[in-house]
Amino acid sequence: MTDWTDPDTFAQVLEDVETKEKGNCFEDFEEGDVIEHDPGLTLTQFGNESWMSQTLNHDPAYWRSDAAAERGFDEPPVHPDYLTAATLGITVEDLSEKGGYFLGRTDVRFPTAPVYTGTELHVESEVVNRATSSSRPEYGIVSWRTRGKDAETGDVLCSYERTNMIPRREPMATDGSGERTDGSRSSSELRSDGGAATAEDDGDNGPELPEEFIAPEGGYFEDFVDALEEADDENAAVAYRHERGRTQDDVTVASLPLSTLNTAKQHHNVDVMSDSPSGSIVTYGDVTRSTALGHARSDEETWREVGFDDESFHTFVAVGDTVYAFTRVLEAEADASSEEAGTVTFEHIAFNQDDEPVYSGTRTAEIRKRSN
């Protein structure tokens, strides 16, 4: 009788049997398709506090009942970063487990706020765009509008649009010149390294930067207003870096994404990733993002998150890399949902120990006013 556990025999068995694959290819998506993602996820206090603590998001309103009550919350609510990561994590098995570059996300909004622990999250995604890339015939480009809903009420808790490169089941045919032969649309907004497009180079004269960089005196709304007014009088910008850094470890790289049901092999399968450009598993983009935002929020009097736009992930972050943050203040307006705050729009850039940008995006948040 054949011993299937004999190493040589088992190696032959593995070579001969079919692999039951996970995930979907580019050809499996059609514009207008609506995908209901199973399973759902109950947003727990443990999950919420684990996410916040590991990404250094220490806003007291999400930890202490007295600070929560001061902002009108019944209890410490779910942090929007944890909600966003959980919403995306649930979608990975159906949308992006096959791999491919995460090109970006925009229009991240929280229509129903606050959200409390114990809420059961159900998620659906609609295919809003498909495109092909002549520069990468083995991939297609898919965009989805994703909505995370309260399973009991049907209210949308988090929504966004994200775009990924997705492996094709069969590489796209070309005529050898980069032109497609299938008549489909192409994407011209990709760099050769798979990242999002940037503007044309400025030439050999170097970047045009302001003569001065101004940092606000404090973290209240009035501090950002004063800094912007000072910058208006000079060739200046309100921009600064944050001191804290967070080195990526097994918890942030593997445990946090798995806790949101993110099944992407990039975050937990060292064997598969050993042959990848990173050489190992890499950090979930929402962990990188949330860590950088945690650094930024530690220098602000944040009252409430409003939304995020134009998010891009520029290169991978791996175990041992350190995530830092840089902030540029774009504008400030007095209007907000509460008289206690004003609204500020930021550009945040996460960067690593080699000063390489790894994430960027714009963020709109309500910031506490000092005078109230």
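With salt bridges taken as basic N to acidic carboxylate O contacts below 4.0 Å, one links R289 and E311. Ion pairing of R297 with D81 is present here, as a side-chain N (NZ or NE/NH1/NH2) and a carboxylate O approach within less than 4.0 Å. E340 and R71 are not joined by a salt bridge, as no carboxylate oxygen comes within less than 4.0 angstrom of a charged side-chain nitrogen. The existence of a salt bridge linking E124 and K149 is confirmed by a sub-4.0 Å separation between a basic side-chain nitrogen and an acidic carboxylate oxygen. Between R145 and D107, at least one side-chain nitrogen of the basic residue sits less than 4.0 Å from a carboxylate oxygen of the acidic one, meeting the salt-bridge criterion. A salt bridge does not link R109 with E305: every distance from a Lys NZ or Arg NE/NH1/NH2 to an Asp or Glu carboxylate oxygen is 4.0 Å or more.
The closest donor-acceptor contact from the side chain of E347 to the backbone of R328 lies at 3.5 Å or more, if one exists at all. D3 contributes a side-chain N or O that, together with a main-chain N or O of T5, makes up a donor-acceptor pair within less than 3.5 Å. Within the 3.5 Å criterion, the main-chain N or O of M273 finds a donor-acceptor partner in the side chain of S276. Between the E161 side chain and the W144 main chain, no donor and acceptor come within less than 3.5 Å of each other. Although no hydrogens or angles enter the test, the distance criterion places no donor-acceptor pair under 3.5 Å between the side chain of D299 and the main chain of A296. Of the possible donor and acceptor atoms, none in the side chain of D150 sits under 3.5 Å from a partner among the backbone N and O of G154. N262 contributes no side-chain N or O that, together with a main-chain N or O of L88, makes up a donor-acceptor pair within less than 3.5 Å. Between the side chain of T106 and the main chain of D310, a donor-acceptor pair closer than 3.5 Å is present. In this structure a side-chain-to-backbone donor-acceptor pair under 3.5 Å is present from D223 to Y220. Of the possible donor and acceptor atoms, none in the side chain of N129 sits under 3.5 Å from a partner among the backbone N and O of V142.
Between Y62 and H79, the ring planes lie tilted relative to each other; the angle falls in the 30° to 60° range. Aromatic ring orientation, Y324 versus F351: parallel (interplanar angle below 30°, classes split at 30° and 60°). Under the 30°/60° scheme for interplanar angles, the aromatic rings of F308 and F110 are found to stand perpendicular. Ring orientation note: the planes of H348 and F346 are close to parallel, at an angle under 30° on the 30°/60° scale.
Considering OH of Y240 and CZ of F213, their distance stands at 13.5 Å, rounded to 0.5 Å. Remark: W4 CH2 to F10 CZ distance equals 9.5 Å, nearest 0.5 Å. Separating the CZ atom in F73 from the OG atom in S65 is a distance of 13.0 Å, to the nearest 0.5 Å. Distance check, rounded to the nearest 0.5 Å: NE2 of H37 to CG of L261 gives 12.0 Å. How far CG of L41 is from CG of L121: 6.0 Å, rounded to the nearest 0.5 Å. Note: E333 CD to T364 OG1 = 9.0 Å, rounded to the nearest 0.5 Å.
Proximity of E366 to V306: side-chain heavy atoms (C-beta onward) are separated by under 4.5 Å at one or more points. Looking only at side-chain heavy atoms (C-beta outward), L43 and Y82 come within less than 4.5 Å of each other. Side-chain contact between I35 and L95: present, with at least one pair of heavy atoms (C-beta onward) separated by less than 4.5 Å. The closest side-chain heavy-atom distance from D233 to E229 is not below 4.5 Å. The closest side-chain heavy-atom distance from T322 to N352 is not below 4.5 Å. Taking the side chain as every heavy atom from C-beta outward, V323 and V317 approach each other to under 4.5 Å. Contact of the D94 side chain with the S125 side chain is not registered, since no non-hydrogen atoms from C-beta on lie closer than 4.5 Å. Using a 4.5 Å heavy-atom cutoff, the side chains of T315 and V358 are in contact.
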For side chain to side chain contact (heavy atoms under 4.5 Å, CB included), just list the numbers for E300 and R368, CA-CA rounded to whole Å, side-chain angles, deciding distance to a tenth of an Å, and then say yes or no. CA-CA 9 Å; E300 304 167 8; R368 185 194 297 268; over 6 Å; no
Where do E97 and K265 land on the side chain to side chain contact (heavy atoms under 4.5 Å, CB included) test, with the steps shown first? CA-CA 7 Å; E97 184 165 343; K265 57 183 174 292; 5.7 Å; no
Before giving the answer on side chain to side chain contact (heavy atoms under 4.5 Å, CB included), spell out for H267 and I281 the whole-Å C-alpha distance, their side-chain angles and the decisive distance to 0.1 Å. CA-CA 5 Å; H267 311 312; I281 56 175; 5.6 Å; no
Carefully, step by step, assess D321 and Q353 under the rule side chain to side chain donor-acceptor pair (under 3.5 Å). CA-CA 7 Å; D321 286 339; Q353 66 278 4; 2.8 Å; yes
Evaluation steps, ring pair (Phe, Tyr, Trp, His ring centres under 6.0 Å), between W303 and F221: CA-CA 10 Å; W303 181 265; F221 174 73; over 10 Å; no
Would you sort out whether T343 and D335 count as a side chain to side chain donor-acceptor pair (under 3.5 Å), showing the intermediate values? CA-CA 6 Å; T343 302; D335 291 341; over 6 Å; no
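Remark: R105 qualifies as a cation-pi partner of Y160 under the 6.0 Å distance and 45° angle criteria applied to the six-membered ring. With F26 as the aromatic partner, R130 meets the cation-pi criteria of under 6.0 angstrom to the ring centre and within 45 degrees of the ring axis.
Side chains of Q12 and D8: no donor on one and acceptor on the other come within 3.5 Å. No hydrogens or angles considered: nothing links the side chains of Q54 and T252 as a donor-acceptor pair under 3.5 Å. Side-chain contact annotation: E49 with S53, donor-acceptor N/O pair under 3.5 Å absent. Side chains of H242 and S298: no donor on one and acceptor on the other come within 3.5 Å. For E21 and T19, the side-chain atoms include no donor-acceptor pair closer than 3.5 Å. In the model, T42 has no side-chain atom that pairs as donor or acceptor with a side-chain atom of T44 under 3.5 Å. T91 and R162 share a donor-acceptor pair across their side chains, judged by distance under 3.5 Å alone.
Smallest separation of non-hydrogen atoms from P111 and L157: CD-O, 3.7 Å. The minimum heavy-atom distance linking I367 with G219 is given by the pair CG2-O, 3.3 Å.
Residue-environment remark: CG (D232) exceeds the threshold of 12 foreign heavy atoms within 6.0 Å. The environment of CD in E217 is sparse: at most 12 heavy-atom neighbours from other residues, nucleotides or ligands sit within 6.0 Å.
Two different hydrophobic clusters hold V282 and Y101 under the rule that ILVMFWY side chains link at heavy-atom gaps under 4.5 Å.
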